[in-house]
Amino acid sequence: MTAIRGQAQPAAGLKASGTESDTVIIGLEVHCQLNTESKLFCGCSTDYRNDPPNTHVCPTCLGLPGSLPSMNRRAVEYALRVAKALNCQVAEEAEFARKNYFYPDLPKGFQITMYNLPLAEGGYLDIEGEEGEKRVRITRIHLEEDPGRLVHMGTPDRPRYTLVDYNRSGIPLIEIVTEPDLRSPKEARRLLNGLRTTLEYLGVFDGDREGSLRVDANISIPGSERVEVKNISSYKGVEKALTYEMTRQRNVIRRGQKVERETRHFVEARGVTTSARSKEQEHDYRYFTEPDLRPLQVRGWVEGIVLPELPAARRDRFMAQYGISPDHARTLCGELRLAEFFEEMAPCGNPPLAATWVADTLQGELNYREMEIGKVPPAHFRELLDLLQRRELTDKAAVEVLRQMLDQCVAGETVETPAQIMEKNTLGKTAGDAFTPVVREVIAECGDAVRDYRAGKGEALNFLVGQVMKRTRGRADPKELTRILKEELARGGT
Ligand code: ZN
Ligand code: MN
C-alpha cells in the first residue's frame, strides 16, 4: 500500500495512557467509493448492479493500448467537499502518478493514483473516543481509480481458476489516511462510522452499496513492529480484524518472540488474519508521474464549495432547537436518514417524546427486522406519536401497534394506520372507565389483598394492579389503573 511517511511513529504522550502491553496504535487507510454516475477516467456507468460482468467497460477502463484517461470533474468536486468537511488544507495543484504492479485485476499494469502531490493534507475528525471526545488527525486525502474484481473459484486451499470482472475497474475512490491516533479497535470503528456519516451528509457516498468501503489498517504494540492488515471490507470487520490482530501480537510478545513487520489478510469468514506476503515478495511500485493527465488545478475551487450542515452541527442544533438529550441527538444525527425522519416527526409537538420513540424504540425494532428507516411511512409514525401524546395508547400498546405496522411493511402488505390497528386489536382506551368493570371484578375476587390494603399494606395495591394488568393483557396504563383502583377501593365496594 502507499508508503505514508510518519505512519509508524506513535503520537506523543502515548505511554501516559497505560503500560506498553495494554496500549495499541492504529492508523487507517480508508477507501470510499464516490457516488458519481460515471467512472473516474471514462464515461462508463458506475451502476453495474444486476448487470453481467464486463458490461460496463470501454477501451480506457480496460487499459487497451492507445486509450487515454479524461478527468471526471464531479469526482474532484466530491473529493474537495470531503477535504473541506474534514478540515484539510487543499493543495493548489495535485498530481496523478502511476503505481505499477502486475495483477489480473489491473488491466493497464498500473493504477492511477496520487502520490507526491495529494489533493489535501492535514485535517481532522472528532470522534467519541475511549476517554471522551477525541480528535483524529487526517494525514492526507487523494483520488484514485479502483481495480477490477477477482472471483476465485474453488476453495482457498484448492483454487481452480479465477474470474475477472472489470465493471469496477476505474470506479472513483478517495483514500483517506489517518495518523496513528487510534488506541483501540472500537475507536477505529467509531472513526469509520464518523467518516461514513460525514460523507453521507455531503451526498458523495452510499455506505450501503456493495464494495463502497475498503480499509487497510496499520496496527502495532508500542516498541514493536507494525503490521498492515489489508482489504477489510465491512465496518464490523474492521473491529474484528483489529481485535484479533491485537491479541495475536500481544501473544507473540508474551511468548518472548518478535512481531514481524508484514502484511496480513483478514479472512472475514473465520475472523482471523493470515500472513499475506513475505518480505522478498513485497512490491516495488515504481511510482512516476502519470504522463497522460495534466496536474489537477484546484486553486480557488474549494472556496466556492458550500458545505451542508454536518453531523456535529446538527447534533448541537437538535439539542438547542428540540430540547432533546445529547445521547438522543448523537444517535439521531449518526445517520442522515434517521435525522431527517426525526425532523419530520418534530411537529408532533413533543420532540423529546419523538426522539425517544425514533432513536430507541423504532431503531431497535428496525434492527431486529434488518429493515431500513426509509420503508417506514412517516405519516403513520406521526399518528402513533399523536396517540401517545394524547395518552390514548399506553407505551406497551404503542409498541404492539408499531410492531404490527413494521411487520406489514416487511411483508409488503398495505400498512394499516395506528387507528385501524388499535381498533382491530382493541388496544386503545387506556383512560377513562373502560377498565372499571375489570377493576371491580378483581376487588371482588381478591378479598385478602383488599383487606391487606385497607390494613395499610401498600404492596397489596401493586398486587391488585398486577391482577388487572394480567386480565387486560397489558393494555391499561398502570398509573391510570392505580388511580381507578384507589377510587374504587375508597368507595368501599367489595
Ligand atoms: Zn470505461
Ligand atoms: Mn489506495
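Both ligands and their constituent atoms are indexed starting at 1 by order of listing. Because the structure is predicted, anything quoted here is derived from the model rather than measured.
At a cut-off of 2.8 Å, H31 is counted among the residues with an N, O or S atom near the Mn ion (ligand 2). Note on E175: counted as a metal contact of the Mn ion (ligand 2), an N/O/S atom lying under 2.8 Å. Residue contacts to the Mn ion (ligand 2): E29 brings no N, O or S atom closer than 2.8 Å.
For the side chain to side chain donor-acceptor pair (under 3.5 Å) condition, the pairs that include at least one residue of residues 75-85, sequence neighbours left out, are E77-W301.
Ring pair Y285/Y115: centre-to-centre distance not below 6.0 Å. Taking the six-membered ring where the residue is Trp, the centroids of F288 and F110 are separated by 6.0 Å or more.
The atom of E144 that is an N, O or S and sits closest to the Mn ion (ligand 2) is OE2.
Side-chain atoms of L119 and L80, non-hydrogen and from C-beta on, do get closer than 4.5 Å to each other. A 4.5 Å side-chain heavy-atom check between M153 and V151 finds at least one atom pair inside the cut-off.
Not counting sequence neighbours, the partners of F381 by the ring-ring contact (aromatic ring centres under 6.0 Å, His included) test are F341. Applying the side-chain hydrogen bond (donor to acceptor under 3.5 Å, both in side chains) rule to T247 yields no partners; only residues at least two apart in sequence or on another chain are considered.
Excluding waters, the set of protein N/O/S atoms under 2.8 Å from the Zn ion (ligand 1) reads C42 SG, C44 SG, C58 SG, C61 SG.
E128 pairs in a salt bridge (Lys or Arg N to Asp or Glu O under 4.0 Å) with only one of the listed residues (R189, R330, R135), which is R330.
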